[in-house]
Amino acid sequence: MKSTKLILKILINVFALLFMLVTVVAQIANAYQATLNAFFNTSNYDRVEIGENELIDSEYFKSSFVNAEGNYDDEALYDYDLRVAQQITNEGSVLLWNEQKALPLAEGASVSLFGNTSVNMVYTGSGSGSINISRAVNMRSALKQYNFNVNETLWSFYDSGAGSKKAGYGITQAGGGDMSGYVMNVKEVPRNVIESNTGVVNSFAQYGDAAIFVLGRSGGEGKDILSTNNPDTLDGNYLQFSQEEIDVLDYLVSLKKAGTFKKIVLLINSSNPLQMDKICAYQGDIDACMWIGQPGAGGTPGIAKLLCGKANPSGRLVDTYCYDNLSSPAMVNFYSQKWGNISSYPQLGGAQQPLMVYGEGIYIGYKYYETRYEDVVLNQGNAGAYKYEEEVAYPFGYGMSYSSYEFSNFGVKENKEGNFEVTVTVTNTGDVPGRHVAQIYLQKPYTEYDKKNGIEKASAELVGYAKTGILAANGGSQTLKITVDRNDFKSYDSNGYKTYIREAGDYYLTVADDAHNAVNNILDKKSEKGITVNREAMVGEGDKEFVEVINYGDTDTSTYAISQYTKVPITNQFDFADVNRNEEVGGQKVTYLSRNDWTGTFPKSYFILNLTDDMVARLAYKRNLPEAKADADKYYETHDAIKYDQRNGMSLIMLKDYPYDHPDWDKLLDNMTWEEQALICARAYHATEGATSINMPDTKIENGPLGVSVTFSTLNARGAMGWPCACTRGATFNAPLNELMGKLFGDDLLHSNVNGCLGYGLNMHRTPYGARNFEYYSEDSFLSGETCKWETIGAQSKGAIIQVKHFVANDFDTIRNGTSTFMNEQTMREIYLSPFETVFCEGGALSTMVSTARIGNEWAGGSYNLCTKVLRGEWGFKGYVSSDYTALTRYDNNSYVGIQAGCDTYDAPQFNGENQYGEFRNNRDFQYYLRTSTKRICWAVLNSNAMNGYTSNTKTIFVRTWWENTLLGVQISSGLITLGLAGALVFIAVKIKKTQKEDKK
Amino acid sequence: MQTILRKFKDFLDKKALGFYFSAAGAALAFVLFIAYLIGYAGSEYFFWGVPVLIALSFLTFAGLAAFDKTAVYAPVALSVIAFGALCCYLANIHVYLALAFTDGVSLEAIMGLSPAFFITVIFSLVITILGNIGIYMKQNKTVKTETSEKVEAEGVKNEVD
């Protein structure tokens, strides 16, 4: 009896504690419903058919990979993905030098792969842009595919032997994780470790056709790359060699001199431009050098194909490669720092402390290096002791080939729309077939008006490009036609007319091989026109034959002052982000870099500003926006009070193919309940919520920009393609290839049952040290916008919701949350907004993710001017805006200010309608904001593959997931068991007492 | 004063090892109560239910342990109420954790958590465990009185008979 009692006591204890624990877990799980749904791949919505299937094909977006039974053929898709991924690395890898035609290597060459990275390649970066690399093709397999003989002894040495990861070597790669907690080590295997391994050394002779050294650098979300203080690299500069890498290269050079290796080939496996001073010092000793970016899970065979000559390199650099990366003016104001007087405002939390002034203005990348170069040659702008040849190793757009090409028949013709049709014939003059890129650059006049009003003009801006097909050797040619938009001739005048203007003067259009070549062409033309050009100061030659001068006699201040998309007048919207125009900064001024005085305006130290009370007030996330209220008032002038739950029979699918402003949208929205609208606009954690009242399904919108990597990688069972990094895709300069990749990306989403993507990444390579440069395309706005546009068009043709990110000024990662970014409006519009404009207005992207940073002192998502006036007003964007990942209190109830400003929903697992909007339930203005945002989300869902299978007979129903049922079951059963056991215990206790009493008697 | 001390000594003399385990838990609960109030004073993460339950755990323990008849329930109350306090704490602190791990779970982020968090969680668990140990151990020593010895002796005799 006593032992039974003891057992009962133990069980009661266990089940009572279990009951309490599960009760709490259920409560927390409910708060994180969206997270758990993402984790378990579950949904709270299901669909049922309530009638006969209508005789329409409701598969609105179809996969191109379906088997004979009509099911998705995942393997066929993956196989084709692989081919295209290889084509991308094939066309996106850039040959930097090739001494004595060292490449391609001979068929069947025997090669030795050096460097720990050769076996642990940097296939991708880390964080939300990471991809599934479980099926990645390694370098050895890739080389073998192309009949190379690979030194297996050396491979094993790096893979599992004394030079392996296990032995402590390799560079830090965080995988799917955030980089902020990592030290980015570069632990190359030292030369003496290689030399002490006799078996390895003895193997070299047999595989001596080439020593291929793979130099890797990583990067990822959460922490920008260090330009100083890295523990392993020279000068603490992560993008510089480590001493061990230099030692190994010296060793290879000595082995080459000794005749062990015939050639040395260097492959640069990095998305961030490495500092080239020490690398270039090896030119000659290293016979060939190729930048291969990050090849993704399937791209390495494309590199092997180039090495063996079965393909010819045609990639072009997306960034300027410098001898000294720190020479970029943007580096001075890159790593965010605290406000000068932050200690005077102790009430501000840590997340609100940093600031960053984009003091370099428009001069990032080649726009700085090439413009200052031109001013040196033209002896203007106080260019100082700037020597281009000591600054730039490889210019933007540069890339070699195994062949040679010539341009001819260059012509420019204005068409009836006012755009310019550029034609140029490209001829292959070499003995190897290959592709070639024609790049069109524009130089706008830099006028006295510009100098007076602070307008900056780069000496060359990419405004068009096209790639040939494979041109036959020895004379194969193709004539390319490239349209240059007249809008590319405009400039933003933030101080004078406060709008876009096209100034009077000479505009130079040229076709070139790279940005530097373009400036040289223009200089040659200027010389012909009588402008004094110091040819001695020129680096390289130009050819005036490839330049067309277009002269405008008058300055046009009206044509471009009206939005071409919405006809809305364009004027300054970001004065609050320009220190020199923001009245709240209390008279503080900064000097932006100007080509009018390079030496005098070059940023010398970090711009530390002081906060004022007005600025602190603007830092607050919870504010009322009068402009938004005015919109609400305007709405109610023509509309009655907003209705809910009207049950009028409207379903979302009924509006398919209806325009955005069709009156039936109002009927649809009337059907929804307040709770549905509030939930949809509160929570979009890797998803959007469904709505049963209008039969709208929920969606899954997953990471990321480089391939479908479902939030929790364990669920990525289908193994969708991990695509090469954005830089490599941009480096192809091949729009049709970008579009094809986009389509396959869309098929990947369809096959993974995912409806959209938290990408592509469209921030800029403002410096070489950006944490997520691998997610972003380039230092050039035009190339970024165009590449992303074609990928978006491709993916959305498959019904994907492309959520372009991070809108805007998220060009850094260290303390990105809440950093106040400042820049003048010309910089904002021409450099940072313009790629987004291209993708929204020409690519039709259905969604965007706002930055966690601030524009001026306003959170990007709380900026009415950004999210409504520019995005919707000027650009006519119809999709929805989501926040970046948001924990509950990060923005101090930001959803209130956000929904007013035009940030429609939140990537926030814990948000729900009640906790975000409950207090505004009966607020008339708020109801308007909620309805407007709901419509935008519905619009995106309606135009996505989430509607596949939906007809007017399809109903959306709410269901409980298995994990919710499980928790409820455990909760109820543990409670009942506890009660039952307690009852049993009482029963036994009573019985014992009774027995004792009877015994006593 | 001496009387009180003597009574307290007598009280302790009656107590078995189980009581001391539970009492250690109750003492820890008192420390946690003070630590919580200091650690979360003025914080947005202060939840009144937590200190109330912690205080209730050691006060109830003291009240029940004071009497022989109810002493057996003292560790039960301590354990259950302390665990309830932990549950209440977790039910509210998840927001703080979500914020702390916004950029992913890393050693740096874990090390960055406030000491008050670690103290509350660890102390609550230890109190629950100590209380639990007490549940299965005797709280009071068995006092063998003369009468009972006689009865037992007679009983033995009877059995022999």
Side-chain angles (χ1 to χ4, degrees), chain A residues 6-7 9-10 12-14 16-32 35 126-128 130 174-183 220-223 349-351 813-817 852 884-892 907-911 915 978 999-1000, chain B residues 18 42-45 47 49-50 53 72-73 75-114 121 124-125 127-129 131-138 148 151-152 155 158:
Chain A
L6 181 67
I7 290 168
K9 272 168 82 174
I10 293 171
I12 289 170
N13 197 357
V14 169
L17 295 184
L18 181 66
F19 173 73
M20 287 167 72
L21 195 64
V22 172
T23 304
V24 171
V25 167
Q27 187 188 332
I28 296 173
N30 189 43
Y32 293 85
T35 314
S126 67
S128 59
S130 62
D178 181 275
M179 285 298 282
S180 50
Y182 286 81
V183 174
E221 187 168 355
K223 186 164 83 177
D813 253 56
T814 303
I815 327 181
R816 63 193 153 134
N817 300 328
T852 62
D884 201 337
Y885 176 77
T886 304
L888 196 59
T889 54
R890 176 181 282 176
Y891 296 126
D892 188 15
D907 185 8
Q910 313 94 321
F911 281 17
N915 70 23
T978 307
D999 287 349
K1000 269 186 185 175
Chain B
S43 162
E44 60 185 309
Y45 300 112
F47 312 112
V50 179
L53 284 173
V72 68
Y73 303 112
V76 178
L78 177 73
S79 177
V80 169
I81 300 174
F83 191 73
L86 176 64
C87 289
C88 177
Y89 178 73
L90 292 177
N92 291 287
I93 203 68
H94 66 85
V95 173
Y96 166 77
L97 295 175
L99 192 65
F101 296 117
T102 290
D103 294 323
V105 179
S106 63
L107 189 63
E108 204 177 44
I110 293 169
M111 297 310 287
L113 293 175
S114 78
V121 171
S124 303
L125 280 174
I127 295 162
T128 307
I129 291 166
N132 251 277
I133 292 171
I135 291 173
Y136 304 109
M137 295 175 78
K138 283 189 172 170
S148 65
V151 171
E152 278 175 20
N158 288 342

| message | Rounded at 0.5 Å granularity, tell me how far CD1 in A:Ile10 sits from CG in B:Asn132. | response | 9.5 Å
| request: Please check if atom OH in B:Tyr73 has more than 12 non-hydrogen atoms from other residues, nucleotides or ligands closer than 6.0 Å. | output: no
| query | How close do A:Leu21 and B:Phe83 get, heavy atom to heavy atom, and via which atoms? | reply | CD1-CZ, 3.8 Å
| field | Point-to-point distance, once rounded to the nearest 0.5 Å, from CD of A:Gln27 to CG of B:Leu90 | value | 10.5 Å
| task | Can you see which heavy atom on A:Met20 is nearest to which on B:Val80, and at what distance? | result | CE-O, 3.4 Å
| query | At a heavy-atom separation under 4.5 Å, does B:Leu86 approach chain A through its side chain, its backbone, both, or neither? | reply | neither
| query | Can you find a pair of side-chain heavy atoms, one from A:Lys9 and one from B:Val76, that are under 4.5 Å apart? | reply | no
